[in-house]
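Report on the following structure.
Chain letters run A, B, ... following the sequence lines, proteins first, then strands; residues in each count from 1.
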Number of protein chains: 2
Amino acid sequence: MDTDGAAEPGAGICDDRDRVGEIGHAIFRVARAHRAAAGRLLREIGLYPGQEIMLGHLGDHGQTRQSRLVVELGIDPSTVTKMLQRLERQGLVERRADPTDRRVAVVAITEDGKDLLGRIEDSWRRLDEITCAGFTDDDRDRLKRILTRLEGNLAPCEEN
Amino acid sequence: MDTDGAAEPGAGICDDRDRVGEIGHAIFRVARAHRAAAGRLLREIGLYPGQEIMLGHLGDHGQTRQSRLVVELGIDPSTVTKMLQRLERQGLVERRADPTDRRVAVVAITEDGKDLLGRIEDSWRRLDEITCAGFTDDDRDRLKRILTRLEGNLAPCEEN
DNA sequence: ATGTTATTGTTGGCTGGCCAAGTTTTTCGG
DNA sequence: CCGAAAAACTTGGCCAGCCAACAATAACAT
């Protein structure tokens with residue numbers, strides 16, 4: 001490993017430092033701001049960021065086994081468990097054991113949960129509008145493509 | 001500007017649901033993947049994602065009062081407090097009270113912290129390389145510009 | 001000088017998210 | 001048929017991050 005670090009020129013100013021990881025930094029900040037904005041919007045309907053994605057997914061896919069949520073949402077099994085426990089406590093989601101395979105838990109959105117879907121979509125629309133304010137349709141398409149590429153780049157190192 | 005979105009050309013399929021919040025979704029997923037990737041890299045040097053940004057900032061700015069960190073990093077005061085408590089416990093950061101104003105806490109990176117800066121930058125470089133694999137310099141510039149715009153769009157709703 | 005307001009930081013509680021280690025059930029191999 | 005391996009979740013612990021409520025100090029007004 002680099003036992004050196006001594007190779008560093010004593011120059012106190014390392015203009016590099018401002019450029020290294022510039023993109024990663026920017027992604028980090030955008031992500032935090034985006035999440036915070038989502039949080040503010042979702043708070044109006046009593047949700048935390050992340051929960052709305054779970055509910056939206058369940059709204060689209062009907063009954064789903066938990067392991068599929070893990071794969072499709074790309075989050076840790078333990079995270080899914082805890083999120084569902086909280087959503088269940090709020091009556092937005094139901095879980096029951098699959099009779100054919102008693103390991104799996106089948107998850108479904110409740111009526112109360114469905115009632116929120118409209119407002120969730122509304123929040124999404126507003127959030128995208130805030131995020132992409134001043135973007136032309138062209139810009140948005142470009143952005144979507146870029147995000148897809150980024151996701152593709154980051155995905156492989158996901159499944160390790 | 002198109003106030004609508006109804007001006008969608010060639011719209012025949014009305015599965016709105018897949019399009020609503022598409023960008024927000026993508027940002028969400030990219031952000032999670034990016035953070036996870038950062039976590040894997042940082043783990044090698046014993047840090048959690050977020051801490052490296054704090055340390056990098058302190059490395060660049062020397063002594064800083066906590067309230068400035070709140071503003072410059074754009075995170076909650078309580079988050080700063082807790083992060084610094086943990087970093088202090090690890091000996092990477094020092095805090096002392098400002099004698100001229102006993103409310104403020106002045107923060108500085110320690111020698112042990114500085115020793116990590118090189119490896120942190122290395123992680124940043126690697127992460128950006130993973131994230132932007134296959135991106136031309138042009139692509140990266142575009143991406144940086146877009147991220148800056150996104151950040152600008154999301155910032156105002158931050159300071160509420 | 002003295003009470004009121006603003007600034008600064010802390011604590012507690014809640015979330016999403018990860019990892020590591022466990023439990024239960026199913027499946028597979030001998 | 002039975003024991004080992006795999007699959008599907010759960011629990012506990014730790015992190016960042018937010019909000020709300022608090023304590024301490026400074027600045028300001030009267």
Side-chain angles (χ1 to χ4, degrees), chain A residues 28-29 31-44 46-55 64-71 73-90 92 95-107 157-160, chain B residues 28-29 31-44 46-55 64-71 73-90 92 95-107 157-160:
Chain A
F28 190 89
R29 285 194 306 266
R32 195 158 26 66
H34 187 262
R35 185 185 191 80
R40 266 182 290 276
L41 289 175
L42 290 171
R43 149 170 301 221
E44 298 173 9
L47 294 178
Y48 285 81
Q51 297 184 327
E52 95 282 18
I53 291 190
M54 178 69 80
L55 287 179
T64 316
R65 56 171 55 191
Q66 232 168 281
S67 52
R68 288 194 54 176
L69 292 174
V70 169
V71 172
L73 298 181
I75 54 189
D76 194 85
S78 64
T79 301
V80 172
T81 294
K82 290 173 190 169
M83 283 179 71
L84 290 177
Q85 287 173 343
R86 285 156 189 152
L87 290 171
E88 197 175 21
R89 207 181 307 147
Q90 296 178 22
L92 303 176
R95 289 194 299 171
R96 34 175 256 282
D98 183 335
T100 77
D101 185 342
R102 288 163 58 197
R103 287 175 301 184
V104 336
V106 175
V107 189
C157 77
E158 192 85 38
E159 41 174 295
N160 194 357
Chain B
F28 190 89
R29 285 193 306 266
R32 195 157 28 65
H34 187 262
R35 185 185 191 82
R40 264 182 292 274
L41 289 174
L42 290 171
R43 149 171 299 222
E44 299 173 8
L47 294 179
Y48 285 80
Q51 297 184 328
E52 96 282 18
I53 290 189
M54 177 69 80
L55 286 179
T64 316
R65 56 171 57 190
Q66 232 168 281
S67 52
R68 289 193 54 174
L69 291 175
V70 169
V71 172
L73 297 181
I75 54 188
D76 194 84
S78 64
T79 301
V80 173
T81 294
K82 290 172 189 168
M83 283 179 70
L84 290 177
Q85 287 173 342
R86 283 154 190 153
L87 290 172
E88 197 174 20
R89 208 180 305 146
Q90 296 178 22
L92 303 176
R95 289 195 299 172
R96 34 175 254 281
D98 183 335
T100 77
D101 185 341
R102 286 163 60 198
R103 288 174 300 184
V104 336
V106 176
V107 189
C157 75
E158 190 87 39
E159 40 176 294
N160 195 357

What is the distance from CZ of A:R68 to C1' of D:dA7, rounded to the nearest Å? 16 Å
Is there a donor-acceptor pair under 3.5 Å between the side chain of A:Q51 and the backbone N or O of A:P49? no
Check the distance between C:dG16's C1' and A:L69's CG and give it to me in whole angstrom. 15 Å
Near DNA chain C, counting only heavy atoms under 4.0 Å, which residues of residues 79-89 of chain A show up? A:T79, A:K82, A:M83, A:R86
Could you tell me the separation between the CG atom of B:L42 and the P atom of C:dG17, rounded to a whole number of Å? 19 Å
Polar atom pairs between nucleotides 4-7 of chain C and protein, under 3.5 Å, N or O only, would you list them?
residue	atom	partner	partner atom	Å
C:dT7	O2	B:R103	NH1	2.7

For atom CD of B:Q66 and atom P of D:dT25, their distance in whole Å: 16 Å
Ignoring hydrogens and angles, does a donor from either the side chain of A:S78 or the base of D:dC9 sit under 3.5 Å from an acceptor on the other? no
Measure from CG on A:D98 to P on D:dA8 and round the result to the nearest Å. 11 Å
Phosphate oxygens OP1/OP2 of C:dG16: is one of them under 4.0 Å from a side-chain N or O of B:R32? no
DNA chain C: A:Y48 or A:R102, which has the more 5' nearest nucleotide? A:Y48
Do any side-chain nitrogens or oxygens of B:R43 fall under 4.0 Å of OP1 or OP2 in C:dA20? yes
When you measure from the side-chain N and O atoms of B:R35 to the phosphate of C:dC18, is any distance below 4.0 Å, counting only OP1 and OP2? no
For B:R43, enumerate each residue passing the side-chain contact (heavy atoms from CB on, under 4.5 Å) test, keeping only those at least two apart in sequence or located in another chain. none
Does the side chain of A:I75 come within less than 4.5 Å of A:M83's, by heavy atoms? yes
In whole Å, I'd like the distance from the CG atom of B:D76 to the C1' atom of D:dA21. 13 Å
According to a strict under-4.0 Å criterion, is B:Q51 in side-chain N/O contact with OP1 or OP2 of D:dA16? yes
B:Q66 side chain reached by B:V70 side chain, heavy atoms, under 4.5 Å: no
Between A:R29 (side chain only) and B:G74 (backbone N and O only), is there a donor and an acceptor less than 3.5 Å apart? no
Using salt bridge (charged side-chain N to carboxylate O under 4.0 Å, His left out) as the criterion, list what pairs up with B:R86, not counting sequence neighbours. none
Reading DNA chain D from 5' onward, which residue's closest nucleotide shows up sooner: B:D101 or A:R95? A:R95
Quick one: side-chain contact (heavy atoms from CB on, under 4.5 Å) partners of A:E88, sequence neighbours excluded? A:R95
Roughly, in whole Å, what's the span from CD1 in A:I53 to C1' in C:dT15? 14 Å
Salt bridge (charged side-chain N to carboxylate O under 4.0 Å, His left out) against B:D98, all qualifying residues, sequence neighbours excluded: none
To the nearest angstrom, the NE2-C1' distance between B:H34 and C:dG16 comes to 18 Å
Side chain proximity check, A:V80 to A:L73, heavy atoms < 4.5 angstrom: no
Test item: B:V107 and B:L69 side chains (from C-beta on) under 4.5 Å apart, heavy atoms: yes
On DNA chain D, more 5' by nearest nucleotide between A:A105 and B:I75 is A:A105
